[in-house]
Amino acid sequence: MVRPDEAVEALLQEFADLLAITDGDPYKIRAYENAARTIAGYPADVSHLDVESLREIPNIGRSIAEKITEYFTTGRIEALERLREEIPAGVRELVKIPTLGPRRAMVLYTDLGIASVAQLEDAIQSGLLEEQHGFGPKTAANLLHGIELLTQSKGRIPLRDALATAEEIIVHLSAVPACMTCTYAGSLRRMCETVGDVDVLAASTEPEPVMDAFTRLPIVAEVIARGPTKTSVRTATSLQVDLRVVPPASWGAALQYFTGSKEHNIRVREIAVRKGLKLSEYGLFRVDDDSLVVSETEEEVYAKLELAWIPPTLREDRGEIEAARTGRLPRLVTVADIQGDLHTHTDLTDGAATLSEMLAAAQGRGYHYYAVTDHAKNLTMQRMTDEKMLDQRSRLRMLADTTDMELLHGTELNIEPDGEVDWDADFLAGFDLRVASIHSRFGQPRKAMTRRLVRACENPHVNIIGHPTTRRINQRPPVNADFDAVFEAAAATGTALEVNSSPDRLDLPDDLILRARHHGVKFAVNTDAHAVAQLDFLRYGVGTAQRGWLTPDDVINTWPLEKLREFVAAKQERLTPAGVPHRRAPRRT
DNA sequence: GCCGTTTTCGGCCCGACTGTTTTCAGTCG
């Protein structure tokens with residue numbers, strides 16, 4: 001079952017897509033897109049709201065509010081049904097082909113009756129397309145190429161891979177004498193979990209040599225477009241990289257512009273317009289005489305619009321502009337705030353490094369404390385036993401004198417299908433800290449899965465729920481659970497939820513972090529490192545936590561050890577032996 | 001379709017590149 005808000009988001013987005021294809025008013029299309037995004041980020045269930053309550057949500061007016069209530073009362077939206085009758089679903093698929101937008105998709109459908117990607121491919125092969133006015137041979141070739149990319153590319157590129165490519169490109173371009181400065185922008189700078197393409201920005205008074213160096217990079221497989229200020233290429237791994245070269249004086253405005261998101265920029269530009277200004281990638285200008293106001297730094301651009309500088313990870317039009325205007329931007333958690341890792345492994349189970357190797361690496365990061373949390377016994381393939389675990393604890397205690405870090409002996413428990421975990425209460429009490437995660441039976445029905453996670457939260461010995469959705473980016477979907485119920489249980493019981501930093505997990509994801517935070521949940525940003533090098537994954541988890549608006553106060557492993565120990569002890573005292581937590585009211589923000 | 005510190009009507013972000021044209025529409029970000 002889909003969450004009601006997600007169902008509404010999908011319907012509103014579909015409405016926007018169909019309006020675009022039927023040559024709708026662009027502003028109306030945008031209104032539906034804004035509404036879809038707002039509902040997606042809304043922290044509460046909208047299915048029981050009436051029209052008046054819905055209209056209090058930004059970007060929801062009378063018309064959309066009525067469509068939402070219509071959907072929840074009748075199960076359908078009449079206006080959407082009419083559009084669906086007009087436009088086959090296959091035409092909406094056509095728009096996903098790069099270089100084919102809604103206008104020409106509609107022309108293909110009305111003039112040639114093309115209503116699927118397969119039919120378009122046939123029309124190109126048979127030469128039918130070239131008879132169509134406005135569709136020349138180059139267009140045909142581009143569309144074929146786009147179809148090929150669409151069918152072979154499996155979604156977007158994970159953040160880590162895109163970052164590696166971007167950093168390599170920046171090293172090369174920075175070596176070009178004409179290149180004064182160079183960095184990445186776009187969804188990468190916003191630390192999105194996956195990116196569709198890489199945006200690289202360079203400052204130079206002499207763009208040509210920079211563009212030349214870019215197109216000659218060894219990783220470039222194909223040049224898609226080449227102009228004086230913008231060049232797009234595709235790498236051998238099918239990743240599109242756009243390079244923009246701007247004059248140094250425009251650096252700040254360009255960086256702001258190309259960092260996005262598109263939705264954030266639209267809001268910022270609207271503010272500029274209301275002040276009689278115009279913002280482009282070249283700078284902030286006065287509308288009346290075209291004179292330049294500022295453009296050298298991002299800070300100046302935001303300041304002239306009476307906004308505090310907004311961290312890139314917040315630039316998603318999820319309330320950050322209002323916060324910047326009123327001085328209420330959060331002080332986001334950073335890598336430097338993290339005092340210790342609370343979820344790590346060694347070669348006692350499936351890790352690749354020994355206990356002392358992991359400890360030495362952690363010490364090198366300057367942590368104040370560090371938890372070793374090898375897998376518990378029910379994950380039978382790891383062959384864990386009570387004796388091995390106790391032996392590890394003794395070794396850890398003996399190593400205490402060899403390090404400045406406080407060493408915590410923990411474990412990663414398995415949340416069984418019924419919500420129980422490995423070991424009895426006595427054995428569990430012997431650990432300093434316990435993470436509990438789902439490692440099996442991912443396909444349980446929603447009700448059972450919700451109960452499973454809630455029961456784990458209610459266990460007085462479980463301190464952190466590890467990778468709560470168990471999704472793997474581009475590989476495995478999240479488990480199906482009522483996460484608002486889980487968040488409520490986590491907040492009420494004093495159970496932290498993990499932001500797992502592994503780049504193919506990033507779990508919780510940012511949208512769920514935002515929702516969990518509204519319930520008053522605390523978080524732990526951990527690496528789940530199985531090797532020394534994986535301790536560096538922390539940057540991805542911190543980026544995700546920032547996208548979820550988390551401050552150091554929200555994240556238990558930024559706290560001093562004493563406070564962290566109190567957090568663990570408080571749950572145990574509160575929940576044992578009765579096991580019934582007091583309910584706390586959700587936090588309002 | 002939404003919105004409001006000039007507005008309940010009349011606005012709504014801005015520019016680059018491509019391909020097909022003959023001066024520009026469509027697409028993208």
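Just so we're on the same page: letters track the sequence lines, and every chain starts at 1.
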Notebook entry, point to check: Are the side chain of A/N265 and the backbone of A/Y257 linked by a donor-acceptor contact shorter than 3.5 Å?
Noted result: yes
Note to self: Rounding to an integer number of angstrom, what distance separates B/dT27 and B/dT20 when you compare their C1' atoms?
What the structure shows: 14 Å
Checklist line | Whole-Å P distance, B/dT21 and B/dG26 | finding: 14 Å
Note to self: A/E33 vs A/R37, test: salt bridge (charged side-chain N to carboxylate O under 4.0 Å, His left out). Steps then yes/no.
What the structure shows: CA-CA 6 Å; A/E33 286 174 339; A/R37 202 177 60 259; over 6 Å; no
Checklist line | N/O (side chain, A/Y27) to phosphate O (OP1/OP2, B/dC9) under 4.0 Å | finding: no
Check: Does a nitrogen or oxygen in the side chain of A/T99 sit under 4.0 Å from OP1 or OP2 of B/dG26?
Finding: no
Check: DNA chain B: A/G134 or A/R269, which has the more 5' nearest nucleotide?
Finding: A/R269
Check: If you check the A/Y257 side chain, which of B/dG29, B/dT20, B/dC12 turns out closest?
Finding: B/dG29
Checklist line | Pair assignment for B/dC14, Watson-Crick or G-U wobble, requiring both distances under 3.5 Å | finding: B/dG29
Check: Can you find a pair of side-chain heavy atoms, one from A/L508 and one from A/F523, that are under 4.5 Å apart?
Finding: yes
Next item on the list: Could you tell me whether A/N34 contacts a base, only the sugar-phosphate backbone, or nothing, with contacts defined as non-hydrogen atoms closer than 4.0 Å?
Entry: nothing
Next item on the list: Pick the C1' atom in B/dG10 and in B/dC24, then give their distance to the nearest Å.
Entry: 27 Å
Margin query: Once you apply a heavy-atom cut-off of 4.0 Å, does A/R274 come out as touching a base, just sugar-phosphate, or nothing?
Written below: nothing
Next item on the list: Go through B/dC17, B/dC3, B/dT20 for me and flag the one nearest to the A/P228 side chain.
Entry: B/dC17
Note to self: Any base atoms under 4.0 Å from A/K262, or only sugar-phosphate, or nothing? Heavy atoms, all strands.
What the structure shows: base
Note to self: Under 4.0 Å, heavy atoms only, any strand: does A/V273 hit a base, just the sugar-phosphate, or nothing?
What the structure shows: sugar-phosphate
Note to self: Before you tell me yes or no, could you show the steps for A/T334 and A/D337 under side-chain hydrogen bond (donor to acceptor under 3.5 Å, both in side chains), namely the whole-Å CA-CA distance, both residues' side-chain angles and the distance that decides it to 0.1 Å?
What the structure shows: CA-CA 5 Å; A/T334 66; A/D337 292 321; 3.1 Å; yes
Next item on the list: Could you check whether the rings of A/H519 and A/F487 sit parallel, tilted or perpendicular, using 30° and 60° as the cut-offs?
Entry: tilted
Item checked: Student check: side-chain heavy atoms of A/L201 and A/Y184 closer than 4.5 Å -> no
Checklist line | A/S280 side chain, from C-beta outward: closest of B/dG1, B/dC17, B/dG15 | finding: B/dG15
Checklist line | Distance below 4.0 Å between A/T229 side-chain N/O and B/dC17 OP1 or OP2 | finding: yes
Check: Looking across every strand, which nucleic acid part, if any, lies under 4.0 Å from A/I29 by heavy atom: base, sugar-phosphate, or nothing?
Finding: nothing
Check: Please give, in whole Å, the distance from B/dG29 C1' to A/E33 CD?
Finding: 13 Å
Note to self: Please classify the nucleic acid contact of A/D197 as base, sugar-phosphate, or nothing, using heavy-atom distances under 4.0 Å.
What the structure shows: sugar-phosphate
Checklist line | Comparing A/K278 and A/F135 on DNA chain B - which has the more 5′ nearest nucleotide | finding: A/K278
Notebook entry, point to check: Within the structure, does a side-chain N or O atom of A/Y32 lie under 4.0 Å from either OP1 or OP2 of B/dG1?
Noted result: yes
Notebook entry, point to check: Base, sugar-phosphate alone, or nothing: which one does A/K67 contact when heavy atoms must sit under 4.0 Å apart?
Noted result: sugar-phosphate
Item checked: Nearest heavy-atom neighbours spanning A/Q119 and A/G113 -> OE1-O, 3.4 Å
Next item on the list: Would you indicate which nucleotide in B/dG1, B/dC14, B/dT21 comes nearest to any side-chain atom of A/K28?
Entry: B/dG1
Check: If you measure from the C1' atom in B/dT23 to the same atom in B/dT18, how many Å do you get, rounded?
Finding: 15 Å
Next item on the list: Pick base, sugar-phosphate or nothing for A/F258, based on heavy-atom distances below 4.0 Å to the nucleic acid.
Entry: nothing
Item checked: Rounded C1' spacing from B/dT7 to B/dC2 in Å -> 14 Å
Notebook entry, point to check: Which of the following nucleotides, B/dC17, B/dC12, B/dG19, is nearest to the side chain of A/R30?
Noted result: B/dC12
Next item on the list: Could you state the atom-to-atom distance from CG of A/L19 to C1' of B/dC12 in whole Å?
Entry: 16 Å
Note to self: Base, sugar-phosphate or nothing for A/R267? Non-hydrogen atoms, less than 4.0 Å.
What the structure shows: nothing
Next item on the list: Between B/dG1, B/dT27, B/dA16, spot the one nearest the side chain of A/E281, thanks.
Entry: B/dA16
Notebook entry, point to check: Would you say a side-chain N or O of A/N142 is under 4.0 Å from OP1 or OP2 of B/dG19?
Noted result: yes
Checklist line | N or O in side chain of A/R104 less than 4.0 angstrom from B/dG26 OP1/OP2 | finding: no
Check: Given B/dA16, B/dC3, B/dT18, which nucleotide is nearest the side-chain atoms of A/N59?
Finding: B/dC3
Check: For A/P26, which contact category applies under a 4.0 Å heavy-atom criterion: base, sugar-phosphate, or nothing?
Finding: nothing
Item checked: A/P102, nearest nucleotide to its side chain (from B/dG29, B/dT27, B/dC17) -> B/dT27
